[in-house]
Amino acid sequence: MTLTVPPPSSGSAPFVSPTARLEDEAIGIFREVVAECERPVLLFSGGKDSVVMLHLARRAFAPARLPFPVMHVDTGHNFAEVIEFRDRAVKEFGVELVVASVQDSIDAGRVREDLSFGASRNPLQTVTLLDAITEHRFDAVFGGARRDEERARAKERVVSHRDEFGQWDPKNQRPELWSLYNTRHHRGEHVRVFPLSNWTELDIWRFIEAREVELPSLYFAHERLVFERDGMLMAVNEFVSRRESEVPFEATVRFRTIGDATCTAAVSSTAATVADIVAETSVARLTERGATRADDRISEAGMEDRKRQGYF
């Protein structure tokens with residue numbers, strides 16, 4: 001027998017880009033959770049993080065179709081461009097869309113809407129989300145939260161256990177040594193899963209650039225009627241009430257994050273392409289939520305309190 005001796009190694013492993021490593025990690029998380037859980041679902045709002053998750057999920061299971069539906073927790077106060085994009089993306093990917101409506105929760109008396117000036121439906125999503133999880137018996141819910149966004153999210157594990165009430169205990173989390181994930185749960189409980197936990201906003205945009213991912217037009221610089229509130233540029237729309245002193249004006253803006261139209265602000269920007277946004281994001285000093293989400297400014301512990309109750 002003749003042995004074939006491989007050529008000498010250069011002593012270093014081939015270079016793999018950081019984004020490629022993150023892709024592999026996220027794809028592995030999708031596959032592991034689907035293999036271990038019965039009824040997963042992916043939260044999909046049409047925002048950039050959920051779009052990236054959808055692309056990663058397709059890569060994880062190609063050429064087969066996605067083995068789970070996508071769900072949008074709909075406040076009813078959405079940017080029209082995002083809803084149009086959501087419906088088009090769902091059709092293109094050939095996935096089932098489940099819409100959990102906050103308005104339905106209000107009509108059923110499950111939640112009470114705060115109609116005071118400046119109030120948002122964003123906090124009401126918790127009950128709607130938990131009701132939908134119970135109704136459809138979802139036992140694993142994929143979300144696009146990242147640790148770089150906000151302090152409470154930085155505390156969360158990749159696979160995060162929720163009790164029978166959908167609540168999260170930040171002091172009682174499961175270890176994830178060597179990227180080993182524990183999805184075990186009792187009937188009535190579920191896990192929240194965050195494949196993008198270790199990504200940053202810049203990583204997201206680099207993936208979008210490399211994979212030529214389509215996004216809602218709101219993410220790119222455009223002329224829009226806005227007004228200033230608490231140092232943020234709020235879009236003028238049918239859902240946002242204004243004080244007399246909050247005078248609208250035209251500005252070139254884009255949105256770094258997209259959520260409920262009543263609490264999501266724009267930023268001044270001329271970044272009209274993905275390459276422009278990558279360059280802009282690389283020098284940003286504030287996270288997108290810290291700079292553009294009014295509901296995150298309520299208190300230092302606001303997000304953690306909401307997550308304890310079942311919010312994402």
Side-chain angles (χ1 to χ4, degrees), residues 16-73 82 85-98 138-150 153-154 156-160 176 179-183 190-216 219 256-259 274-275 277-278 281 287-289 312:
V16 179
S17 72
T19 304
R21 293 182 188 276
L22 291 169
E23 284 184 52
D24 290 345
E25 177 187 61
I27 287 171
I29 291 168
F30 273 114
R31 290 172 176 169
E32 182 169 344
V33 171
V34 167
E36 296 182 359
C37 296
E38 293 183 5
R39 295 181 64 83
V41 67
L42 186 150
L43 287 188
F44 184 73
S45 64
K48 67 181 188 308
D49 297 306
S50 63
V51 173
V52 167
M53 276 207 305
L54 191 57
H55 277 263
L56 288 166
R58 180 164 66 177
R59 290 172 58 79
F61 301 105
R65 295 181 63 181
L66 262 63
F68 46 74
V70 301
M71 178 167 67
H72 181 204
V73 181
V82 178
F85 177 86
R86 180 202 70 184
D87 294 341
R88 183 157 44 88
V90 165
K91 183 177 180 180
E92 176 189 332
F93 278 75
V95 294
E96 175 191 356
L97 172 64
V98 176
F138 294 133
D139 60 352
V141 185
F142 293 105
R146 308 187 322 267
R147 287 176 176 146
D148 75 321
E149 292 180 278
E150 194 273 335
R153 288 177 167 173
E156 191 120 42
R157 299 289 192 263
V158 172
V159 175
S160 183
E176 292 182 341
S179 297
L180 297 176
Y181 306 115
N182 184 349
T183 64
H190 68 278
V191 292
R192 305 283 175 90
V193 186
F194 305 101
L196 305 181
S197 281
N198 296 323
W199 295 54
T200 65
E201 184 184 6
L202 183 57
D203 292 325
I204 294 292
W205 281 106
R206 282 174 171 163
F207 176 89
I208 291 166
E209 182 177 39
R211 300 296 181 186
E212 299 182 345
V213 174
E214 184 182 359
L215 292 176
Y219 280 109
R256 289 177 64 185
T257 182
I258 294 177
V274 174
I277 295 174
V278 169
T281 304
T287 67
E288 66 265 48
R289 292 191 70 93
F312 245 89

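Any value given below was found using the heavy atoms of this structure, including those in side chains, with hydrogens, waters and symmetry copies removed. The model shown is predicted, which means the values in this text are computed figures rather than measured ones.
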- Query: Quick one: does D139's side chain have a donor or acceptor within less than 3.5 Å of a partner on C37's backbone?
  - Reply: no
- Query: Could you state the interatomic distance from CD (E96) to CZ (R65), rounded to the nearest 0.5 Å?
  - Reply: 9.5 Å
- Message: I need the L196 CG to E149 CD distance, nearest 0.5 Å.
- Response: 9.0 Å
- Spell out, as yes or no, whether a donor-acceptor pair under 3.5 Å connects the side chain of R31 to the backbone of A60. yes
- Message: Which residues pass the salt bridge (charged side-chain N to carboxylate O under 4.0 Å, His left out) test with R211, not counting sequence neighbours?
- Response: E23
- Message: Just to verify, what does A57 make a side-chain contact (heavy atoms from CB on, under 4.5 Å) with, not counting sequence neighbours?
- Response: F30, L42, L66, F68
- When rounded to the nearest 0.5 Å, the distance separating NE2 of H72 from CG of L97 is 8.5 Å
- Note on the structure: The reported gap from CD in E209 to CG in L202 (rounded to nearest 0.5 angstrom) is 9.5 Å
- Task: Verify, without hydrogens or angle tests, whether R192 (side chain) and G143 (backbone) share a donor-acceptor contact under 3.5 angstrom.
- Result: no
- Message: I need the minimum non-hydrogen distance between P195 and W199, along with the two atoms involved.
- Response: O-NE1, 3.7 Å
- Task: Report yes if some heavy atom in the side chain of V158 is under 4.5 Å from a heavy atom in the side chain of R147; otherwise report no.
- Result: yes
- Just do the side-chain contact (heavy atoms from CB on, under 4.5 Å) check on F93 and V70 with the steps written out, would you? CA-CA 11 Å; F93 278 75; V70 301; over 6 Å; no
Side chains of residues 43-52: which donor-acceptor partners sit under 3.5 Å, not counting sequence neighbours?
residue	atom	partner	partner atom	Å
S45	OG	G47	N	3.2
K48	NZ	R256	O	3.0
K48	NZ	E288	OE2	3.0
D49	OD1	R146	NH1	3.0
D49	OD2	R146	NH1	3.2
S50	OG	S45	N	3.4
S50	OG	G46	N	3.3
S50	OG	G47	N	3.3
S50	OG	G47	O	2.9

- Could you list the residues that satisfy ring-ring contact (aromatic ring centres under 6.0 Å, His included) with F85, not counting sequence neighbours? none
- Using the test side-chain contact (heavy atoms from CB on, under 4.5 Å), find all partners of E25 that sit at least two apart in sequence or belong to another chain. L22, I29, Y181, N198
- CD1 on I27 to CZ on F61, rounded to 0.5 Å: 9.5 Å
- Task: Check whether any side-chain heavy atom of I208 sits under 4.5 Å from a side-chain heavy atom of I277, and report yes or no.
- Result: no
- Query: Do E176 side-chain atoms and V159 backbone N/O form a donor-acceptor pair below 3.5 Å?
  - Reply: yes
- Message: Between R88 and E214, does any NZ, NE, NH1 or NH2 come within less than 4.0 Å of an OD or OE carboxylate oxygen?
- Response: yes
- Report the residues that fulfil side-chain contact (heavy atoms from CB on, under 4.5 Å) with A210, sequence neighbours left out, ordered by chain and then residue number. none
- Message: As an exercise, state the distance from CZ of R21 to OG1 of T19, rounded to the nearest 0.5 Å.
- Response: 11.0 Å
- Message: For R157 versus F194, what's the shortest heavy-atom pair and its separation?
- Response: O-CD1, 3.4 Å
